[in-house]
Each structure stands twice: as structure tokens, then as C-alpha cells.
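Remarks on the structure that follows.
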Amino acid sequence: MANPLTPDVLVDPVVLTRALVDIQSVSRDEKVIADCVEDVLAKVSHLSVRRVGNTVMARTKLGREQRVILAGHLDTVPVNGNLPSTVVDDLIYGCGTADMKAGVALALHLAVTLPDPQYDLTYLFYEAEEIESEFNGLNLVAREHPKWLEADLAVLLEPTFGTVEAGCQGTMRVRVRTRGRRAHTARAWRGVNAIHAAGEVLRRLEKYHPRTVTIDGCTYREGLSAVRISGGVAGNVVPDECSVDVNLRFAPDRSEDQALEHLREVFDGFDLEVTDSAPGALPGLDAAPAREFLAAVGIEPAGKLGWTDVARFAALGVPALNYGPGDPSLAHAPDEHVEIGKIRDGVATLYRWLAP
Ligand SMILES: [Zn+2]
């Protein structure tokens with residue numbers, strides 16, 4: 001197949017977005033798009049290129065004092081009758097337009113057209129973001145080639161509709177158990193009812209006041225929610241066990257250990273078992289490249305409430321943020337689309353920042 005990412009296509013990020021969308025790349029099927037991207041980058045004299053699996057990395061070596069990563073995933077969720085792309089007025093429709101081929105197009109366009117950025121740049125085009133973490137290209141690179149991820153700031157070009165979302169909240173799920181003693185319900189006084197005991201767990205959840213925390217101007221709203229309750233033995237048995245699964249979404253000023261400590265305080269007197277946990281990420285907007293980036297975008301950053309790959313960078317000590325042209329609420333939707341104007345704004349902003 002001839003590479004559709006020709007020089008004519010690469011010079012226009014809008015045309016490039018469409019071309020990338022039309023190279024189908026559902027998770028675990030990114031070889032063709034990774035081949036096309038690698039082929040483009042290998043021809044650029046100011047970049048050195050490496051590849052692992054279907055993740056392609058390219059970087060400048062200009063000897064600048066600081067290095068910035070621009071990253072985007074190449075995969076999409078399964079196609080839903082929405083390929084090839086179509087254009088209606090100012091909108092490009094198709095699978096992966098918003099999440100996140102438009103963002104990938106910005107990075108690839110910059111990689112080809114910006115030989116002398118004010119920071120050294122590392123471009124990462126990675127595989128398998130939409131599926132389990134074990135396949136995630138960033139995760140694999142972090143394990144096998146951590147040096148590729150060394151930088152002073154990482155910008156993930158995930159859809160944010162042109163706003164800046166910095167850091168992200170952590171998440172922890174625990175199982176809160178209550179115990180009792182079985183008995184026949186005809187002689188209930190002989191037993192202890194574990195489901196009744198769960199009432200106290202629910203009362204504590206009802207009374208709980210979650211924190212709102214502002215860090216570097218970004219506001220994070222915590223939440224503590226029961227997400228499942230189970231218990232009961234039979235229709236005539238006083239149950240001896242009940243469990244309530246609780247999910248804490250915590251601001252990134254808490255570590256996972258501190259989050260667990262907090263849950264132990266809330267549910268003092270109960271048995272807790274951690275069933276799932278992922279750390280948050282501080283926004284880290286005080287570094288010079290981040291401050292200059294915010295100045296170029298010209299709007300206040302917001303805290304990211306969900307968990308994103310930003311946290312993978314934070315775990316490596318690299319502050320990271322999300323900034324991309326797509327509308328996040330359209331990600332994974334059959335009518336997924338991206339505004340052409342947002343792509344043009346995005347490329348102009350990145351140029352203001354990187355080539356002042
Ligand atoms: Zn995405």
C-alpha cells in the first residue's frame with residue numbers, strides 16, 4: 001500500500017486528520033498506521049526515530065535545556081459504521097476523529113514542519129490506549145525504555161475541546177465487610193444479622209462530606225460512593241456476612257497510602273480489603289514549559305476528574321496534562337466528530353508555544 005500520509009497531506013493538519021482517520025486502527029490492529037507514521041518520521045532529517053511494537057517515538061536532539069513530550073495514541077475503539085470519514089460544514093465525522101486522530105495529526109504535523117522548536121521535543125505515537133493496561137504502548141515503553149519518557153513536561157493530545165486539563169484524580173475501591181452469626185429466622189434472636197450491620201456503613205457514606213481541593217489553580221472534587229452491596233444466604237437464614245464495595249475518587253494531594261488511611265478512618269471498626277487502586281497525578285504546572293504553555297493557550301486549566309495516561313507520566317516524575325481539539329463527550333460515540341476550527345486553533349496554539 002502506498003503511504004497516504006504524503007507531503008501534501010502532512011502540511012495541513014485538517015487534511016492530515018482525515019487521512020489518519022481513514023487508516024483504520026482499532027486497538028491491537030495498529031500495524032498499518034504505525035508503519036505509515038514511522039515511514040513519515042524516518043524521512044525527517046531533524047528527528048531520530050525508534051519503534052517498539054506499534055509504538056513509534058521520534059525526538060529532536062538540539063541540546064535545548066528542556067524537553068517536552070507530545071503524545072497521542074494511534075488506536076481507536078471498534079468502528080461503528082463510521083468509516084471512512086465524511087465532512088459536513090466545519091465537522092469531520094468518523095471513528096477516532098475526536099479520540100484522538102485530530103490530536104495525533106497536530107503532533108505529526110509539528111514533527112514534520114518544526115525543525116527548531118524552543119525545547120527539545122519527543123513525539124510518541126503509541127498503541128493500545130483504549131484497552132487493558134497490559135497492552136498500553138506507554139506502559140510498555142515505561143517498562144522497557146524509560147529513557148524515552150524523560151522530559152520536563154508531557155502534553156497528551158487527548159480530546160479536551162481546546163481546554164487544558166492537568167493532573168488527574170486517583171481511584172481506590174475497597175470492600176467493607178460486616179460479619180454476623182447465622183441462625184434460622186424463626187429463632188432470629190440466636191443470630192447476628194450482618195446485613196443490618198451494613199446499615200452503619202451506609203449511614204457513614206450518607207453523612208460523608210467529600211473534599212474539594214484546588215492545586216495550582218486546578219479544582220478536584222472528591223467522591224465516595226457505594227457501588228455494590230451483597231449479602232444473604234437464603235430466605236430463612238439470618239446472614240452472617242455482608243459486603244459493601246466503595247469507590248473513593250481522590251484528589252492528587254493524597255497518595256494511595258493516604259487514601260487508604262482515610263478510608264480506614266471513615267470505616268473505623270470495619271474490615272477493609274482493597275480490590276483496586278490507581279494513583280492520581282499532581283498538575284505540576286509550575287515548571288517553565290508548563291507556564292509558557294498556559295500563556296500560549298490563554299485560559300485557566302481545569303482538574304481532570306477521571307483517570308488518564310497523565311498518571312503514567314506522573315509516576316515517572318514527569319508533569320503531564322491533556323490538551324486536544326476533540327470534544328471528550330463525543331469520544332467512542334457513533335457520531336464522533338471534530339471541529340475543523342478546533343484543529344486550526346490547536347496547531348496555532350502549539351506553534352505560539354513551541355516556535356515563539
Ligand atoms: Zn483517547
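Read the numbers this way: they start at 1 and go in the same order the structure lists the ligands and their atoms. It should be emphasised that the depicted structure is a prediction, and the values quoted were computed from it without experimental measurement.
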>> With carbon and hydrogen excluded and only N/O/S kept, which atom of E158 is nearest the Zn ion (ligand 1)?
In response: OE1
> Under the ring-ring contact (aromatic ring centres under 6.0 Å, His included) test, which residues partner H145, sequence neighbours left out?
Replying inline: W148
> If you look only at pairs with a residue in residues 78-128, which of them pass as a ring pair (Phe, Tyr, Trp, His ring centres under 6.0 Å), with sequence neighbours excluded?
Replying inline: Y93-H337, Y119-W353
> Distance only, no hydrogens: is a donor on one side chain within 3.5 Å (strictly under) of an acceptor on the other, for S243 and S230?
Replying inline: yes
> N/O/S atom of D99 under 2.8 Å from the Zn ion (ligand 1), yes or no?
Replying inline: yes
>> Tell me whether R249 is salt-bridged to E222, with the criterion being a basic N under 4.0 Å from an acidic carboxylate O.
In response: no
>> Of all the N, O or S atoms in H73, which has the shortest distance to the Zn ion (ligand 1)?
In response: NE2
